[in-house]
Every structure is written in structure tokens, then in C-alpha cells.
Amino acid sequence: MHPAPSPSAVERTTRDHRTASFSRRRLLAALAAVPLALTPVACGDGDDAGGSDPNKPIELSIFWWGAEGRAKLTEDALALYTKKHPNVTFKKTWQANQGYFDKLATLTAGGDAPDIFQIDDNYLTEYASRNVTLDLTSYKDSGKLDLSKFPESLWQYGVVDGKLAGVAFGENTQGLVYNKSLLAKHNLPEPTTGMSWEEFIAWAENVSKTTKVPGTQDPSADYKALWVWLRQQGKDLYKDKALGFTEQDITAWFELWKGARDRGATPTPDVIHEGNVTDISKQLVVTGKAGTSWVWVNQMPELKKNTKDELGVIAYPGDPSAQWARASMYFSVFRGSEHKDVAVDVINFLANDPEAGKILGTDRGLPSNLDIRKAVSETVTDPNMKLSIQVETELGSTFGPSPQVPLKGHSKVRSELVKAAEEVQYGRQTPAQAAAAYLAACKAAIGQV
Amino acid sequence: MAVSTLPVAPATPADPGPADRRGRGGPRRRENVAGYVFLSPWLLGLLGITAIPMLLSLYLSFTNYDALTSLSEVEWVGFANYERMFTEDPSYWHAVRVTLTFALVAVPLKLAAALGVALLLNRAFRGVGLFRGLFYLPSLLGGSVALAIVWVNMFNRDGAFNSFLALFGVEGAPWVNDPQWALETLMALAIWQFGAPMVIFLAGLKQIPTELYEAASVDGAGVWRQFRNVTLPMLSPVIFFNLVLETINGFQGFTAAFVLSNGTGGPVDSTLMYTLNLYIKGFTELQMGYASALAWVFLVAIAVITVVLFSTGRFWVHYADGEQR
């Protein structure tokens, strides 16, 4: 795995030798500098990569969340970049989604954020509004970052306060994944896009009764299910700087699922709790503890790796036009990076190079670049990738307008929903009590008066 | 290095000659320098990893620092973080309650288990060394993540523990996934790791002179009387030591709660230990200034509890030399 000793490694060693000859005064000076070094975004505005020596060895750090499959694809694509630009190597770090943003925040606080990092709309506003991300507008305008093949609404979903904070990397939408094999074994009908919520719950109840496996994960703690449901009633999660829903809406949402639980359509609260995490490998549809799970369409292939059963995917219940083309994630550049130009070039390569596009496939969602999306859909062989492309393309024709990028405090709005929903699931609060507490917590989180 | 060029130190440093007091550059002085040089790895560690970050966090606790903004742009907010903790933030008092419950139950039980097993293992029988090792084993795994994961899998609905209960026809709860039992499951994990205090108790028991027991039995004291009137008083300094240490440990419990709840303190905040709440506020919700304030209040609280423990020690801790301390 270790690369041959590169010139940069040699340079590093010599530097280490130099530190050994610290005098006492320099030692004290270094100590005094510790607090300064803790300062994030320390004045790294100069860029030593662009100008003088194009062959100077550069190591870029890159950080993403995902499973092993994604790691393999990303590493291959980055290796291709290194092949074309031998002076650029990568320090790759990846981990599961759970805990990813804790780590990213810690690195950022230490002034040691990766040059390139993956981020999603749950945190983009947090990072962009605090100027952690590099504004990519000038790169887009100069063509160094080519977004001309992106759907307009998709790249604009990376704009926060007029600044291009991230490059939308993949498009996806909500997907209800169900266990095909389980249904086939018991001769049960598959759920279909366009079922009403009531019809869906009745279907799940029937699955529970016939198969003895709970029909569906209870999504009442899932913000994206709540979001779709709200939009189907002309509401939204956010409206300008405020919440787009009322206490009554949340009460109704919790009551809908309380009814489903009472009818046996869902698992018991402790099992629901197990499924209320973002780890793909713990989703109930792959652990065999429920017939369906509420995920994103692009997660299909990765889910499939965790189960032997065949899976299917449809839209969430209700009117599918409430769903939208969401930027599944973004790649952003750290504003304090020493190699901004190169970092942007790497993102440009990953997003627009046909070969890289082929390698990455639909792992992060449908490719943002429409040419590549077309090429990938024609050549993709993985049946689950194929299925996710097919479903997303079908739904694409009915997509409604995208909602606004979530507000600062969104992650708290999400975690409070889990808490409130679980209070109801465990029977410790009534839907109305939990809804009242939830509204108060959300308002505090986004600073709404 | 500079040390090697130092002249040989005086042969009798305990009896310094008049030359040594003459001030700068004397051998005594140089010896001090050498001492500091040898200490420097530790001193640098203390400064760099403990003292400076701590002072920084004290400063940050009076600001609105959010981890992402540069330190030079933070705003001074006075005591707002501290006020918020005590007046506005329900999760704060909830975490305090959870932590107190945890410490008040788990620490005494853990010490009782440690003492009980130490008494059993403080005899000569075949294989006693093996048993001591086996009982110590769980503690070697300490606050490890792997152990917490094992715990989660043992104590969920289809876990090993419920399979065991099923043998007796008992249907167990989903323990770790049940807000009623999640904290108790954590307590059980803490109690099970009683090895460290047990080893210290064992060492303490070995120190008690056998003559005392002999004298007591001659006087007709039974096993219980011997335990109450010989073992406990003689062991009280060790009990005290373990109590202070384990109390501090108990309040700081983090790893197991973090792993068990996926870093959320769930289900529904039932395992929201103080340190976990602090972590969530700082790293997940990016309120690093507030989290710093939480940390300082925590530090003061633990210091107060320790002082209180020390002041009660006067009434029940007996030192062998008979001196009251």
C-alpha cells in the first residue's frame, strides 16, 4: 500500500531533523505559538500550487463518509487522477456516516480540516455560513470548475448566502426500499409508488400478519419522511428563516404512526430504535427486522451488499411529486487549504471526467453531469445501480421544485425529531405532548422567535 | 545534549557546602536545570496537552465559540453560557440526574463486588492466581469500545442474556434499547469491571497483620465480628482510596454510553451522561463555548465532591499508625 518514497517524503524527513535542533528560545516561541496554531483557517490565502512549479509534489487530504464499496470506487477514481497528474497524491480518510460530522468539526476546530471533504445539506449551511468552505464562484466563472453540464437547480443547491459552498455530487431522492424475496415467498403484492399513506400502512399490516416480519420500519423519527409528508400537504420543513409546519402537523404525523404501530404494521419500539440510525448496515430491511426501510434511492446498491434478499425500491407513499431532486452530497474545499486550485481541479475531475464518472457510477447518486449520467446509465452493470437509476429517472418527470437549503440548526431539528418520536413510540408521551416539545426545541435550534 | 557537559554533581548533595549557596551558576543551580531538562517531556505534555488547552477552554466558556469560526472572531458573552446551563437548558439538569443516578448506584455496588471477591480470593487455595487473573480480566478491557459493542449485542431483544433468561421461561426486556433499562445496563457493565479496585483491596487485605485475627479469634470473635472490627477498620484507607477514585471515574463515564447510544444518549436521553451531553453540545451541535462552560462546572463539581469525601474521611478512615489525618 505504501507508495514509493516520494520527494515530499524526503522533504518531510529533513524537516524533522531540523526540529531536533530546537534551541530553548525557539522551544518557548513554539510553545507560545500553540494557541495561534489552534486558530482554524489561519491565513492560508496564498496558493503555492498554481503558479511556479506545476510538478511540485502535492499531497491533498480528502475525507468522506460511506461504506467500503464507496471507498473502493473513490480510491480508484483518485488513483486515476494521480496517474494523470503524478505530482498529486492523496491522503484518504473515510468512515461511516455516524460520527463523520463530529470528526469533521474536530478537524476544522484544530485548523486541520481536509483539503477536500464530503458534506451534505444537513451541514452545508453550518460550514458555509462560518466561512469554512471556499467560495467556488470564481472557479465556476473562469471555467476551472465546469458546472455547465449540471442541471441548473442542482448546482444552485450548493449556493449558500450567494456563495458556491459545495459542488453537488450526485442527485438522489427519497426511496422506500422493500424486501422483494420476503414478499415473493409469501405471495404478497409489492408496494407501488402512489399508494396513499393509509393504503401503505394497511399493506404493511398485512405483511406483518402473513410473514411474521413487521411490514415497515416506523419512519416517524425520520426527518425526510416527515418532510415529504409535509410537502404533500402544501407545508414544508422550513419557510424562509422559520419552520414550515405547525404543532398540529406534527401531532397528526405522530398519530398516523401511532395508529400504524397499534395495528402491528411496524416493529416494537426497541427495534424501531435500532433502525433509527443512519448506518446502512443497520437498516431494518437488511437486518431482516422489517419489510421496508426509508432511505435514499442511491443507497440501494450498498443496502444490497448487506443482505442476501432481493430488494425493490419505490417512492415514499402519497403523491410522489412532493419528492425532489436533492443533491445527495457535495464536495467542498477547505478555505484554509494550501492547495486550493489543485483541490478544485480534483473535484472538477471527479465530477466531469468520463472515465472517473464511469468508475464512481451512481454510488453517490445519479452523476450531476448530465452527459456522464447518460453514459453511466447506458453502461452500468450492477442491477441495483440500474434499478436506482431507473426509479430516479421515472420519478424525475414528476419532481416538484426543490425546497430551500436547510437552515443552520438543521442537525438539531433532526435529532430532536428522533427524540420526540421515540417518546411517543415508547409510550412515554402522547403525540400532542411530544409535538409541543418538538416545536419548542426546533424553534430554539434555528433561533426562531 | 547540554546535560552531558555538566560537571559531576557534588558527592553529598544533602550537606551543601557554602559554595553552593553563592548564587547563580552553582552546581546546585545547574542540578536544578538538569532536573528540569529531564522533566521536560512531562512538563511539555502538561503545558501543551493539559494546561494550555484547559486555560483556553476556560476562556472559551465565556464566548460563543462554535468550533468552526476562527478563534480570533469569537465574541465574549460573559456568563451567558453558565446562566443558560442553570436556567434554560432542560437537557443539562436531565444529564445531571442521569449521571448522579449512575454514580450513586454503580460506584457502591462496584466497590462491594470488588471487596467481596477480594475477600474470597484472599485465601490460599489451588488456582487462586488463575481466579485473580480471571476476575481482573474484564477491567483490562477497560473503557474499550469493543466491550461496549459486545454489551449492546448481549443485552438487546435477541441477545445472549435474554436467551439465558428464556431457559427459565422469563421474557427479558430489550435492555439497551429500552429507556427503562438502558442506564441499568450501563451500570451493570461498570460494576462488572470491578477488577482494578479488587486488586487494590487484595493488596490492602494482605497488609492486615494476621496477629489481629488471631487475637480476635482468641477473644471469641466470629467471622462477622472479625470482618466488622478488624478487616473494615484496617482496610478503611484502601476503601477510601478506591471510593474517591471510583467516584471520579463513575462521574466521567463516557465510552459505554457513547457506543451504546450511537452518540445520542438515547433511547430518549436515558443514557445522557454528563460527559456525553457535553460532547454532543460541543461536537454535534457545535456549541463549543457552551460545552467548555459545561466542562468547567463539571470540574468544579467533581472537586467539591472529592473535598466532601475527604472531609467525611476523618470520621471513618483509620490509619494504622493511629494518627488522625
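Below, read A as the first sequence line, B as the second, and so on, with proteins coming before strands; counting in each chain starts at 1. Worth knowing before you read on, the calculation uses all heavy atoms, side chains too, and leaves out hydrogens, waters and symmetry mates. What you are looking at is a predicted structure, and each value in this text was computed from that prediction instead of being measured.
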Per-residue tally against chain A (heavy atom, under 4.5 Å) across Thr284(B), Val152(B), Thr264(B) peaks at Thr284(B)
Do the side chains of Pro179(B) and Arg428(A) get nearer than 4.5 Å, heavy atoms only?
yes
Minimum heavy-atom separation for Lys419(A) to Val268(B), with atom names?
O-CG1, 3.4 Å
Assess, by modelled atom type and distance only, whether the side chains of Asp102(A) and Tyr279(B) contain a donor and an acceptor separated by less than 3.5 Å.
yes
For atom CH2 of Trp65(A), decide whether the heavy atoms of other residues, nucleotides or ligands shown that lie under 6.0 angstrom number more than 12.
yes
Within-4.5 Å side-chain heavy-atom neighbours: Asp269(B) and Glu423(A)
no
Chain B contact via Gln425(A) - which portion, at a heavy-atom distance below 4.5 Å
neither
With only heavy atoms counted, which part of Thr268(A) is less than 4.5 Å from chain B, the side chain, the backbone, both or neither?
side chain
Please flag which part of Tyr127(A) lies under 4.5 Å from any non-hydrogen atom of chain B: side chain, backbone, both or neither.
both
How close do Tyr426(A) and Pro267(B) get, heavy atom to heavy atom, and via which atoms?
OH-CB, 3.5 Å
What I'd like to find out is whether the side chain of Thr108(A) reaches to under 4.5 Å of the side chain of Leu68(B), using heavy atoms alone.
yes
Step through the shown structure and confirm whether more than 12 heavy atoms of other residues, nucleotides or ligands are within 6.0 Å of OH on Tyr36(B).
no
Measure distances from Lys289(A) to the heavy atoms of chain B and classify the residue's part below 4.5 Å as side chain, backbone, both or neither.
side chain
Using 0.5 Å steps for rounding, measure from the CD1 atom of Ile272(A) to the CG atom of Asn177(B).
11.0 Å
Which bit of Asp89(B) comes within less than 4.5 Å of chain A, counting heavy atoms only: side chain, backbone, both or neither?
neither
If you round to the nearest 0.5 Å, how far is OG of Ser91(B) from CD of Glu416(A)?
8.5 Å
Can you measure from CD (Glu73(B)) to CZ (Arg130(A)) and round to the nearest 0.5 angstrom?
11.5 Å
Under 4.5 Å, counting heavy-atom pairs only, tell me which of Val176(B), Ile280(B), Asp66(B) racks up the most with chain A.
Asp66(B)
If you count heavy atoms of other groups shown closer than 6.0 angstrom to CZ of Phe79(B), is the number above 12?
no
